[in-house]
Amino acid sequence: MSNLVLRNRSKFRRRPKPSFWSASVPPFDQAVKRLFGRVGGWTWVACIPLALVILAVWGVAAHAQELTAEDVQVTLNNIWVLIAAFLVIFMNAGFAMVETGFCRQKNAVNVLSKNLIVFALATLSFWFIGFSLMFGVNGAGGWIGWGNFFLGGAPELYGLGPDGLNLTKDTFFLFQAAFAGTAATIVSGAVAERIRFVDFIVFSVLLTAVAYPITGHWVWGGGWLGGAGLGFHDFAGSTVVHSVGGWAALMGAAFLGPRMGKYTAEGQVSALPGHNLSIATLGCLILWLGWFGFNPGSQLAADSAVPYIAVTTNLAAAAGGVAATVVSWVMSGKPDLSMTINGILAGLVGITAGCYVVGYAGAFWIGLIAGIIVVFAVGFFDSIKIDDPVGAISVHLVNGIWGTLAVGLFANPNNFTQGGEGIAGLFYGGGVGQLGLQILGILVIGLFTVVLSSIFWMIIKSTLGLRVTPEEEMKGLDIGEHGMEAYSGFLKDTTDMTGVY
């Protein structure tokens, strides 16, 4: 053998034979050196976040074992009501598109601006004072809430929903603020195309901060009229939200007067068609979707009643749309898309009060009758020269009243939602008792809203002027109020700009 081979062999023989332990598991310091040597430098620090995540998951898993069934239900309730609140907030997009599509091109920016700002205004005014007047814990004889302004000092949990299951104050506030914004945006459509932007802002703040919360307290805040009082029933707001917004819109349209060119000297109605029924149709579908947050969310819990309420809501909307289409088709000889849209919305408004207490058949009839009513209501308001460009009064006020009355007719105590112990309407053996309570609620809430909103409108009119100038109305509020156009660069229809002032 060569000297090289001998040296290598002798070197190999001088190595000690490792034991089983030392060969399988090297000493800790050697393992650390090998690991860091492979990953290089200080890159081992990247392991720290992973370790923290593991510890956090381990801690949550350990804590989850301590949760009770009631804790899980409360969490589910809050998640569901938050999702429902998001759907209701998204309804502002639907209102904006319906109203803009039903109005003329020259006023598109103005209508969009009102529908966008109204939820911001409603959120702040409801936070400042409205939530306290509606749900304040220090009720003054059941007529008005008080205390805990700016959500300060409010309890962390509200005992709401079935069996007193709780919602956090933040969840409950956001859901209710979305409803307040809905009441205000109803007014926007009825006063469109001639109201000054600042006047609408002022009225929206007054409505959501004062008028809406007071009547809402009577029904939902533990006041004298609702379930905790006389027993008036309005599950999700046919009267509390829609009729209140409708009454305020009616008085606003009356104080403003009709748009120029709407009615001739002989009293004939002149058509002032909207400029984009495509976005109006899309807005209707958005509202239809949002109503699945509006009505099922009012259960204030994630339970088996939620899908039931969704089905009654959908049945009424479908029946309303079909009924309005058929009636308008018979009356005019052509199926009117605008009436189909308003028929669907009328069915949704009509079912809002009784979606929890009526059966499927009741929901169908409520929606069907709402779709018929809305067609004739539009013609009625035109006959008395109340100019409502989008039909908001016919949809929300008239069918808000109808839906509230319908509870006294179609409430079925045998529904699983009521368990055989709920309210009963006239058609289900309940007599006229509940119907009388529904009529009382409609009258007192309507009278209060008419008086208070009239005071607001009169003050605004005497101080700010309320209506734009004839020149601005002819050119369009987009230019006069906002200094911009929704469709800049596109050919503008000027056929409605040559009328007599």
Side-chain angles (χ1 to χ4, degrees), residues 186 219 232-243 245-246 284 287-288 290-292 294-299 305-328 339-378 391 393-418 422-439 441-442 445:
I186 292 168
V219 182
F232 172 80
H233 182 86
D234 185 4
F235 183 77
S238 285
T239 285
V240 174
V241 179
H242 296 282
S243 285
C284 175
L287 288 171
W288 196 341
W291 235 283
F292 292 118
F294 205 97
N295 287 1
S298 294
Q299 177 68 356
V306 169
Y308 181 86
I309 297 168
V311 172
T312 58
T313 299
N314 200 52
L315 286 172
V322 171
T325 302
V326 172
V327 171
S328 66
M339 285 301 177
T340 303
I341 292 171
N342 277 337
I344 291 170
L345 300 181
L348 290 166
V349 171
I351 195 60
T352 295
C355 55
Y356 179 84
V357 298
V358 302
Y360 296 144
F364 167 78
W365 287 111
I366 290 171
L368 187 77
I369 296 172
I372 296 171
I373 290 174
V374 73
V375 177
F376 291 98
V378 169
I393 300 171
S394 301
V395 169
H396 298 279
L397 172 57
V398 176
N399 282 285
I401 292 173
W402 158 240
T404 307
L405 286 174
V407 172
L409 300 174
F410 292 100
N412 185 351
N414 298 318
N415 288 347
F416 88 92
T417 52
Q418 299 201 76
I423 63 175
L426 179 64
F427 298 156
Y428 291 87
V432 297
Q434 189 64 44
L435 182 61
L437 287 173
Q438 300 302 108
I439 294 173
I442 291 168
I445 291 175

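Bear in mind that the values here come from a model prediction, so they are computed numbers and not experimental data.
- Val326 meets the side chain to side chain contact (heavy atoms under 4.5 Å, CB included) test with Val322, Val330; sequence neighbours excluded.
- Between His233 and Phe235, the ring-plane angle classifies as parallel under the 30° and 60° cut-offs.
- Remark: Thr404 engages Thr239 in a side chain to side chain donor-acceptor pair (under 3.5 Å) (not counting sequence neighbours).
- Judged as a side chain to side chain donor-acceptor pair (under 3.5 Å), and not counting sequence neighbours, the contacts of Trp288 are Asn314.
- Under the side chain to side chain contact (heavy atoms under 4.5 Å, CB included) criterion, Val398 pairs with Ile373, Ala377, Phe381, not counting sequence neighbours.
- A search for side chain to side chain donor-acceptor pair (under 3.5 Å) contacts involving Ser243 returns nothing, not counting sequence neighbours.
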Check the pair Phe232, Val407 against side-chain contact (heavy atoms from CB on, under 4.5 Å), reporting the backbone distance first and the verdict last.
CA-CA 10 Å; Phe232 172 80; Val407 172; over 6 Å; no

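- With sequence neighbours left out, the side chain to side chain donor-acceptor pair (under 3.5 Å) criterion links Tyr428 to no other residue.
- Scanning all heavy atoms of the two residues, the minimum distance from Gly391 to Asn342 falls at CA-ND2, 4.3 Å.
- Of all heavy-atom pairs spanning Ile351 and Thr312, the tightest one is CG1-O, 3.7 Å.
- Shown here are the ring pair (Phe, Tyr, Trp, His ring centres under 6.0 Å) partners of Phe427, two or more places apart in sequence or in another chain: Phe410.
- Residues satisfying the side chain to side chain contact (heavy atoms under 4.5 Å, CB included) criterion with Ala323, sequence neighbours excluded, are Leu368, Ile372.
- Nearest heavy atom pair, residue Leu397 against residue Gly246, reads CB-CA, 3.7 Å.
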Do any side-chain atoms of residues 353-366 form donor-acceptor pairs under 3.5 angstrom with protein atoms, and if so which ones, sequence neighbours left out?
from   : atom 1 : to     : atom 2 : distance (Å)
Tyr356 : OH     : Thr417 : O      : 2.6

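- Scanning all heavy atoms of the two residues, the minimum distance from Val349 to His396 falls at CG2-ND1, 3.7 Å.
- Across every non-hydrogen atom of Ala305 and Gln299, the tightest pair is CB-NE2, 3.6 Å.
- Legend: residues meeting ring pair (Phe, Tyr, Trp, His ring centres under 6.0 Å) with Phe376, ordered by chain and number and at least two apart, are absent.
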Any chance you could lay out the side-chain contact (heavy atoms from CB on, under 4.5 Å) test for Val219 and Ile445, step after step, and finish with the verdict?
CA-CA 10 Å; Val219 182; Ile445 291 175; 3.9 Å; yes

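- A donor-acceptor distance shorter than 3.5 angstrom exists from the side chain of Asp234 to the backbone of Val240, with no hydrogens or angles considered.
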Step by step, would you call Val241 with Phe294 a side-chain contact (heavy atoms from CB on, under 4.5 Å)?
CA-CA 11 Å; Val241 179; Phe294 205 97; 4.0 Å; yes

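- Between Trp291 and His242, the two ring planes are parallel [angle under 30°; tilted spans 30° to 60°].
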